[in-house]
Peer 1: 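Below is the structure I would like to discuss, written out as structure tokens.
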Amino acid sequence: MKYRRPPGTNDVTPQQAIQWQQMEAVFADLCRRHCFGELRTPIFEDTDLFIRSVGHGTDIVSKEMYTFEDRGGRSLTLRAEGTAPAVRAYLENHLAQQDPQRLVKLYYVAPIFRYDRPQAGRYRQHTQFGLEAIGSDCPAVDVEIIQTAVELYQAAGLRDVVLKLNSVGCPQCAPGYVQALRDFMADKLDQVCDDCRRRYDENPLRMIDCKNAQCRIVVEQAPKMTDLLCEECEDHFGHVRRYLELLGISYDLDPYIVRGLDYYTRTAFEFVAASIGAQSSIGGGGRYDGLVKQIGGRSTPAVGIGIGVERVLLVREQQGVAQTEQPRDGCLVVTLGDAAWEAGLKLATMLRGHGVRADVDYRRRSMRAQLRHADGERFARALIIGDQELEQGIVAVRDMETGEQQEVTQDRLLQFVTGVPGQCEKQVD
RNA sequence: GUGGGCGUAGCUCAAUGGUAGAGCACUUGACUGUGGCUCAAGGGGUUGGGGGUUCGAAUCCCCUCGCUCACCCCA
């Protein structure tokens, strides 16, 4: 094979596309009911947008961005993350309409690009369903974001999805926690892995979600962010939990949830589904009260989530979620002989013009082969035309489900096939 | 960036140095104008690529490319 798709990318074949269309339809309907409006942004952005928002020290910025220079010398980057472009568009298009208190609820379906080493469930191009609610610090908004994701997973038929919840504090209390963590770890650096010794200096928070068994033992004794929240963050977190319980959404408190992007404040959460390999996170997000201002707007609270569509589909496949059988639909025009073939072409054209899924077998094969094709392609009916039918001005209509067959005159055919009374070929022509 | 596993038909996989196979899928026929079940036949392969050893390589050796899983990190 001379050409292959680039590593870490996927083709979606027509058969797989059915799953995608289902998921997209479910998501769009959920967003409609939750009053999120769709936002579409360019596939690339000013490189600086990602650096300034996601953070210099993060893996995404330091080694995973698809960055290039265009002919005008601008540095551009393929969308590495969904939130920053959404906030940029929110500001650029004045979606708040001069009212910074206005809650703007946005959703998107967008490809995300990160130069990572591919593995099960991790791709260099993947797709996120994203939700962003910009303009409110009400903890009930955090919960609505979470709730919408829960509803999506339910509609997708996923079982055993666990919500892990944490609060990472705010600029008032988080630095105090980092200091407390450093103080605690200072005399234990000989007990942790090399990476964690490096993290101690560069990004202490990362130490607490280290997977190394030895490190975990140490970290379990370390102070927890949720014990050191300031009064406001404590209150916010309490309300998030209260509303989750009010709406019947179960969760696990997990003090080790640390999001990999710098802009998160307060609420941080992740949805996890075991059984798809090491990359088990199927959605993650949190509050980012500082980001809008950082990107150049007025100080505006916000919260959002990204849902990994490929991973949701992986879980669905792995859990054997019953694929709804493709319903039979439309007509295959089956012809025998040259005269019938030409009549068949016209018939298929007429049907398509009236919204009917219709095709002919261009290989001009035996009737047996054509009917097998009609069955395999899940047509509802076969419209059979041979010399006899041509002479009599009729079509033999075969129901591919029941095998029942009857002769229908040409002028009644459209009505018969569409089930719409009072409509016939003569009228529409 | 680091490590492990694997590359044989469209798909899933056999064949341990001696003529490249099976199941499924596809095509055709049994049924000369009727799908699904059954049966039969058929098409399809530079065994990822290159080099080496050998009378002989899918098989052994070297190189290379690709895929995959895991670490890291993320959705």
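In the text below, chain A, chain B and the rest are named by the order of the sequence lines, each starting its count at 1.
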Peer 1: Over all strands shown, is Gly403(A) touching base, sugar-phosphate only, or nothing at heavy-atom distances under 4.0 angstrom?
Peer 2: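 Gly403(A): base contact, heavy atoms under 4.0 Å.
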
Peer 1: Counting any heavy atom closer than 4.0 Å, what does Tyr123(A) reach on the DNA or RNA strands: base, sugar-phosphate only, or nothing?
Peer 2: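 Answer is base: heavy atoms of Tyr123(A) come under 4.0 Å of a base.
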
Peer 1: Between Arg364(A) and Asp338(A), is there a side-chain N and carboxylate O pair less than 4.0 Å apart?
Peer 2: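 Looking at Arg364(A) and Asp338(A), the cut-off is met.
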
Peer 1: So does Gln405(A) reach the base of G35(B) with its side chain, donor to acceptor, closer than 3.5 Å?
Peer 2: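 Per atom types, no contact qualifies.
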
Peer 1: A quick test of your reading: do over 12 heavy atoms of other residues, nucleotides or ligands sit less than 6.0 Å from OH of Tyr256(A)?
Peer 2: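 More than 12 within 6.0 Å, yes.
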
Peer 1: Looking at C67(B), C72(B), U2(B), which one has an atom nearest to any side-chain atom of Pro7(A)?
Peer 2: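 For the Pro7(A) side chain, the nearest candidate turns out to be C67(B).
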
Peer 1: Is a donor-acceptor pair below 3.5 Å formed from side chain Arg122(A) to base C69(B), judging by atom type as modelled?
Peer 2: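 In this structure, the two groups form no donor-acceptor pair.
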
Peer 1: Within the 4.0 Å heavy-atom criterion, would you say Ser366(A) contacts the bases, only the backbone, or no part of the nucleic acid?
Peer 2: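 Sugar-phosphate, backbone atoms only, no base.
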
Peer 1: Hey, would you say the Tyr107(A) and Phe27(A) ring centroids sit under 6.0 Å apart?
Peer 2: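 Yes; Phe27(A) has its ring centre under 6.0 Å from that of Tyr107(A).
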
Peer 1: Strictly below 4.0 Å, N to O, side chains only: are Asp116(A) and Arg114(A) in salt-bridge contact?
Peer 2: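 Judged by the 4.0 Å cut-off on N to carboxylate O distance, Asp116(A) and Arg114(A) do not form a salt bridge.
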
Peer 1: Any donor-acceptor pair under 3.5 Å linking the side-chain atoms of His34(A) with those of Glu151(A)?
Peer 2: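 Judged by distance alone, the side chains do pair up.
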
Peer 1: Which part of the nucleic acid, if any, lies within reach of Gln388(A) when heavy atoms closer than 4.0 Å are counted: base, sugar-phosphate only, or nothing?
Peer 2: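 Base contact.
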
Peer 1: Reckon Ile384(A) touches a base, only the sugar-phosphate, or nothing at all at heavy-atom distances under 4.0 Å?
Peer 2: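 Since a base atom lies under 4.0 Å of Ile384(A), the category is base.
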
Peer 1: Looking only at the side chains, is there a donor atom on one of Glu45(A) and Thr77(A) sitting less than 3.5 Å from an acceptor on the other?
Peer 2: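 Not at all, the side chains of Glu45(A) and Thr77(A) share no donor-acceptor pair under 3.5 Å.
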
Peer 1: Measure the distance from NZ on Lys164(A) to C1' on C74(B) and round it to the nearest whole Å.
Peer 2: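 My rounded result for the distance is 14 Å.
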
Peer 1: Output the pairing pattern of RNA chain B as a dot-bracket string, 5' first, Watson-Crick or G-U wobble with both distances under 3.5 Å, | for cross-strand pairs, [ ] for crossing pairs.
Peer 2: (((((((..((((....[..)))).(((((.......))))).....(((((..]....))))))))))))....

Peer 1: Checking side chain to side chain contact (heavy atoms under 4.5 Å, CB included) against Phe113(A), which of Arg124(A), Glu81(A), Glu64(A), Gln125(A) comes through?
Peer 2: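 One option only clears the test, and that one is Gln125(A).
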
Peer 1: Quick one: does Glu64(A) reach the base of C73(B) with a side-chain donor-acceptor pair under 3.5 Å?
Peer 2: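 No pair found.
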
Peer 1: Return yes if the base of C72(B) and the side-chain atoms of Gln119(A) contain a donor-acceptor N/O pair under 3.5 Å, otherwise no.
Peer 2: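 Between C72(B) and Gln119(A), which were checked side chain against base, a qualifying N/O pair under 3.5 Å is present.
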
Peer 1: Within the structure shown, what part of the strands sits under 4.0 Å from Arg328(A) by heavy-atom distance: base, sugar-phosphate, or nothing?
Peer 2: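 Base, at least one base heavy atom under 4.0 Å.
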
Peer 1: Check this for me: does the side-chain of Arg368(A) come within 3.5 Å of the base of U28(B) through a donor and an acceptor?
Peer 2: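 No, no donor-acceptor pair under 3.5 Å.
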
Peer 1: Output yes if the stacking criterion (under 5.5 Å between centres, under 30° between planes) is met for His373(A) over the base of G35(B), else no.
Peer 2: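 Per 5.5 Å and 30° rule: no stacking.
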
